[in-house]
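Beneath this line is the structure, given in structure tokens, with notes to follow.
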Amino acid sequence: MGEDDASRIGLTRRRCLKRGGAAAAGGLLAGCTSDPSGSTDSTATETADATATTTTSPTETETTTDGEGDSGSYSVSMAPVGEVEFDAVPTSALTYYPVSADAAVAFGHGDAITGIGYDKELFGNTVDYYYDALDGVEFEWEELGRVTPASNPNALDRELFYELDSDVHFLDPALLRSSSFDWSEDEVASIASDVGPWFGNYYSRTNAEPPEPYRDRYEYYTLWEYLGHIAAVFREEERYRAFKSLRDELVARIQADLPPASERPSLAVVAYTGGTFWPYDFTQDGFLWAHLRPFGMPNAFAATDAETGSGGSYDYEAMVETAPDVVFRYWGTALGDSFSSNREAVLSDPLADEVPAFRDGRYFPSGNGMQGPIMNLFQLEMTAKQLFPDRFGEWPGYGDGEAYPEIPEDGRLFDRDRVTDIVTGEF
């Protein structure tokens, strides 16, 4: 089946969502009272997320039901979509980013996924990189649809939403109204009322400011708060709590063995191409850095005046001046041969010996911040081994870049079988 055919898969399914109403239209909110800057509540929840403190799950406080068990109608509330009402658990779902795809698989609903976003191979390989290390957990992405035209992966085709006919769309309507996609409110509302509601919170990614129509009604969530809301859509609160417990145990284990902050190496997180490095500030708010924040690492770029992201760039001379002890290539785990060849070029540059991280070979692929529960566990383990091999065991290396490397059982920081048991419901 060709990509165009795969992108247009869409079987008619029994609707399991109530249509209509302000919430379903995706334009109005219910009960969002946080300061949109996230300066108060966000700080508290980010601290809890980083220190493995067990907090009340949003699925325990924001889900209401009119029936018993899984048979009745129910609603789930989350900013910016407000209260979304379901007649039954969704049997089809569009998961635009890996965070929702990984969550659907982790919570036992991988078969519900109808489509994914942007480049299918890059998206699929990103998730598969970790699943290959688990027996019985798979993500069959090749035949999934997509809502991005094959000719332009940075656009969205509204007609494909209709053809995929998903019961729920794990995508933030505020993002659709942004300059990235530039949809009108009517276009957003029509998909919600005609096909299925929106359910996403993109701007918690970096706690960035959403488009103006949503600013007074937005609320920011940590990664695990966000995942709790997705679990509530699938009515999988028990699976969520099992994953959250496993994650909290892992973070507690890591933090108990970290050296004092003054003895931790400086870290630079970058994108790289053709001799140019683009720095990221991984100390900022947002769930994009949930796999790095628990380590409390100093940002090597903090003492410089370079902008982060696409607004600023570094050459080798600037990297020499910055002198990071460790360098992470953001999203390097999905780049395969591209990362391997770039790593070789980086470490063979004449100035490489003047950059501590490159001189010591401490230039590693890092994970993807749009991570769900399974990805987060692996990325925490990977980060621990890359930063502190003397405490958590050596990172085995990149290998072929297509799968998470094999780690001996006595060197693993979390139980793989326990993950599989949660996914399959045997816990």
Pair listing, salt bridge (charged side-chain N to carboxylate O under 4.0 Å, His left out) test, anchored in residues 260-270, at least two apart: none
Mind checking the CG-OG1 spacing from Asp119 to Thr148? Nearest 0.5 Å is all I need. 8.0 Å
Drop me the distance from Asn207's CG to Leu288's CG, to the nearest 0.5 angstrom. 10.5 Å
Apply ring-ring contact (aromatic ring centres under 6.0 Å, His included) to Tyr97 and list each qualifying residue two or more places apart in sequence or on a separate chain. Tyr202
Start with the C-alpha distance between Phe243 and Phe427, add both sets of side-chain angles, then the distance that settles side chain to side chain contact (heavy atoms under 4.5 Å, CB included), and finish with yes or no. CA-CA 11 Å; Phe243 265 111; Phe427 64 99; over 6 Å; no
Looking at Glu142, is its backbone amide N or carbonyl O close enough to the side chain of Lys120 to form a donor-acceptor pair, meaning the two atoms are under 3.5 Å apart? yes
Residues two or more places apart in sequence or in another chain: which of them pass ring-ring contact (aromatic ring centres under 6.0 Å, His included) with Phe170? Phe234
In the structure I gave you, are the side-chain heavy atoms of Leu144 and Phe123 within less than 4.5 Å of one another anywhere? no
Take the angle between the ring planes of Phe277 and Tyr316 and call it parallel below 30°, perpendicular above 60°, tilted in between. perpendicular
With sequence neighbours excluded, residues passing salt bridge (charged side-chain N to carboxylate O under 4.0 Å, His left out) with Glu406: Arg412
Heavy-atom side-chain contact between Ile407 and Lys385 under 4.5 Å: yes
Within this structure, what is the CG-CD distance for the pair Leu176 and Glu185, rounded to the nearest 0.5 Å? 10.0 Å
Determine the interplanar angle of the Tyr221 and His229 rings, folded into 0 to 90°, and report it as parallel if under 30°, tilted if 30 to 60°, perpendicular if over 60°. tilted
Roughly how far, to the nearest 0.5 Å, is the OH atom of Tyr272 from the CZ atom of Arg329? 10.0 Å
How would you list, by chain and number, every residue that makes a salt bridge (charged side-chain N to carboxylate O under 4.0 Å, His left out) with Glu209, sequence neighbours excluded? Arg215
Indicate every side-chain donor-acceptor pair of residues 371-381 with a distance under 3.5 Å to a residue at least two apart or in another chain.
{"residue": "Gln371", "atom": "OE1", "partner": "Asn376", "partner atom": "ND2", "Å": "2.9"}
{"residue": "Gln371", "atom": "OE1", "partner": "Gln379", "partner atom": "NE2", "Å": "2.9"}
{"residue": "Gln371", "atom": "NE2", "partner": "His291", "partner atom": "ND1", "Å": "3.1"}
{"residue": "Gln371", "atom": "NE2", "partner": "Gly369", "partner atom": "O", "Å": "3.4"}
{"residue": "Asn376", "atom": "OD1", "partner": "Trp224", "partner atom": "NE1", "Å": "3.1"}
{"residue": "Gln379", "atom": "OE1", "partner": "Tyr130", "partner atom": "OH", "Å": "2.7"}
{"residue": "Gln379", "atom": "OE1", "partner": "Asn368", "partner atom": "N", "Å": "2.9"}
{"residue": "Gln379", "atom": "NE2", "partner": "Asn368", "partner atom": "O", "Å": "3.1"}
{"residue": "Glu381", "atom": "OE1", "partner": "Tyr404", "partner atom": "OH", "Å": "2.6"}
{"residue": "Glu381", "atom": "OE1", "partner": "Arg416", "partner atom": "NH1", "Å": "3.4"}
{"residue": "Glu381", "atom": "OE1", "partner": "Arg416", "partner atom": "NH2", "Å": "2.7"}
{"residue": "Glu381", "atom": "OE2", "partner": "Leu413", "partner atom": "N", "Å": "2.7"}
{"residue": "Glu381", "atom": "OE2", "partner": "Arg416", "partner atom": "NH1", "Å": "2.8"}

Could you check whether Ser166 and Thr114, counting side-chain N and O atoms only, form a donor-acceptor pair closer than 3.5 Å? yes
Whether Lys244 side chain and Gly228 backbone form a donor-acceptor pair below 3.5 Å: no
Main chain of Pro324, side chain of Thr322: is a donor-acceptor contact present, judged purely on distance under 3.5 Å? no
So do Phe181 and Leu175 actually touch side chain to side chain, heavy atoms under 4.5 Å? yes
How about Ile116 and Phe139: do any of their side-chain heavy atoms sit closer than 4.5 Å? yes
Between Trp183 and Phe161, ring centroids under 6.0 Å: yes
Do Asp360 side-chain atoms and Arg362 backbone N/O form a donor-acceptor pair below 3.5 Å? no
If you round to the nearest 0.5 Å, how far is OH of Tyr226 from CE of Met78? 5.0 Å
Under the criterion side chain to side chain contact (heavy atoms under 4.5 Å, CB included), I'd like the reasoning laid out for Leu160 against Tyr162: C-alpha separation, chi angles, the key distance, then a yes or no. CA-CA 5 Å; Leu160 293 176; Tyr162 285 93; over 6 Å; no
Sequence neighbours excluded - salt bridge (charged side-chain N to carboxylate O under 4.0 Å, His left out) pairs with any residue from residues 95-111: none
How about Phe328 and Tyr280: are their ring centres within less than 6.0 Å of each other? no
Hey, is the main chain of Gln284 close enough, under 3.5 Å, to the side chain of Arg293 for a donor-acceptor pair? yes
Are Pro365 and Gln386 side-chain neighbours, meaning at least one heavy-atom pair lies under 4.5 Å? yes
Can you tell me if Asn299 uses its side chain to pair, donor with acceptor, with the backbone of Ala268 under 3.5 Å? no
What residues form a side chain to side chain donor-acceptor pair (under 3.5 Å) with Asn342, not counting sequence neighbours? none
Within the structure provided, determine whether Thr222 and Phe287 are in side-chain contact (heavy-atom separation under 4.5 Å). no
Just by modelled atom types, is the Asp135 backbone N or O under 3.5 Å from a matching donor or acceptor in the Thr420 side chain? yes
Among Phe364, Trp278, Trp289, the one residue meeting ring pair (Phe, Tyr, Trp, His ring centres under 6.0 Å) with Tyr330: Trp289
Could you tell me if Asp172 and Trp198 have a donor-acceptor pair between their side chains, going purely by distance under 3.5 Å? no
Could you tell me whether a side-chain N or O of Ser266 sits under 3.5 Å from a main-chain N or O of Asp325, the two making a donor and an acceptor? yes
If you apply the rule side chain to side chain contact (heavy atoms under 4.5 Å, CB included), what do you find for Thr276 with Tyr314, and how did you get there? CA-CA 6 Å; Thr276 301; Tyr314 273 24; over 6 Å; no
Looking at Ser184 and Glu187, would you say the former's side chain and the latter's main chain have a donor-acceptor pair under 3.5 Å? yes
Is a donor from one side chain sitting under 3.5 angstrom from an acceptor on the other, for Ser204 and Asn201? yes
ring-ring contact (aromatic ring centres under 6.0 Å, His included) against Tyr203, all qualifying residues, sequence neighbours excluded: Tyr218
List the steps and the verdict of side chain to side chain contact (heavy atoms under 4.5 Å, CB included) for Arg177 and Val188. CA-CA 8 Å; Arg177 295 296 312 281; Val188 172; 3.8 Å; yes
List the residues meeting salt bridge (charged side-chain N to carboxylate O under 4.0 Å, His left out) with Arg239, not counting sequence neighbours, and say none if there are none. Glu236
Restricting to salt bridge (charged side-chain N to carboxylate O under 4.0 Å, His left out), what partner residues turn up for Arg418, sequence neighbours left out? Glu249
Residues 387-399, side-chain donor-acceptor partners within the protein, below 3.5 Å, at least two apart:
{"residue": "Arg391", "atom": "NH1", "partner": "Asp257", "partner atom": "O", "Å": "2.8"}
{"residue": "Tyr398", "atom": "OH", "partner": "Gly332", "partner atom": "O", "Å": "2.8"}
{"residue": "Tyr398", "atom": "OH", "partner": "Gly336", "partner atom": "N", "Å": "2.9"}

Hey, does the side chain of Asp157 reach the backbone of Val147 with a donor-acceptor pair shorter than 3.5 angstrom? no
With rounding to the nearest 0.5 Å, note down the distance linking CD1 in Ile113 to OG in Ser100. 7.5 Å
